[in-house]
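Report on one structure; see the data block that follows.
Quantities reported herein were computed from a predicted structural model and do not represent experimental measurements.
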Amino acid sequence: MLEALVCPQTQGPLRFDAERQELVSRAAGLAYPIRGGIPVMLADEARAID
């Protein structure tokens with residue numbers, strides 16, 4: 001299913017971080033959380049990454 005998801009800001013690919021349970025968009029510099037097995041694809045809920 002990860003292949004079907006894209007970053008809502010850049011429309012670019014996402015990388016799954018199993019340790020943190022996040023979907024990471026390097027292009028946007030954001031990590032979207034996965035809660036209860038459901039990705040939360042809202043920029044307001046995302047964590048900024050370096």
Side-chain angles (χ1 to χ4, degrees):
M1 180 169 167
L2 180 58
E3 296 84 27
L5 295 175
V6 295
C7 175
Q9 289 194 342
T10 67
Q11 305 305 309
L14 296 166
R15 180 184 56 83
F16 176 60
D17 183 337
E19 184 177 315
R20 292 188 176 198
Q21 288 296 294
E22 296 176 326
L23 295 175
V24 178
S25 171
R26 291 189 190 271
L30 296 172
Y32 298 95
I34 298 173
R35 296 188 186 127
I38 300 171
V40 180
M41 304 301 290
L42 302 171
D44 292 344
E45 296 288 325
R47 177 178 68 82
I49 59 172
D50 294 329

Compare every heavy atom of [Y] with every heavy atom of [X], then report the nearest pair and how far apart it is.
X     : Y     : value
Tyr32 : Gln9  : OH-CG, 4.1 Å
Arg35 : Pro33 : NH2-CG, 3.7 Å
Ser25 : Ala28 : OG-N, 3.2 Å
Ala31 : Glu22 : CB-OE1, 3.4 Å

Side-chain heavy-atom pair Ile49, Val24 within 4.5 angstrom cut-off: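 Yes. Closest side-chain heavy atoms under 4.5 Å.
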
Does any non-hydrogen side-chain atom of Pro39 lie less than 4.5 Å from one of Leu5?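 Of all side-chain heavy-atom pairs linking Pro39 with Leu5, at least one is under 4.5 Å.
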
Could you go through the side-chain contact (heavy atoms from CB on, under 4.5 Å) check for Leu30 and Cys7 one step at a time? CA-CA 9 Å; Leu30 296 172; Cys7 175; 5.6 Å; no

Could you go step by step and tell me if Leu14 and Val6 meet the side-chain contact (heavy atoms from CB on, under 4.5 Å) rule? CA-CA 6 Å; Leu14 296 166; Val6 295; 5.6 Å; no

Please confirm whether the backbone N or O of Ala18 pairs with a side-chain atom of Gln21, one donor and one acceptor, at under 3.5 Å?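 Yes; at least one donor-acceptor contact below 3.5 Å.
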
I'd like to know whether CZ of Arg15 has more than 12 heavy-atom contacts from other residues, nucleotides or ligands below 6.0 angstrom. yes

side-chain contact (heavy atoms from CB on, under 4.5 Å) for Phe16 and Ile34? Distances and angles first, verdict last. CA-CA 10 Å; Phe16 176 60; Ile34 298 173; 3.5 Å; yes

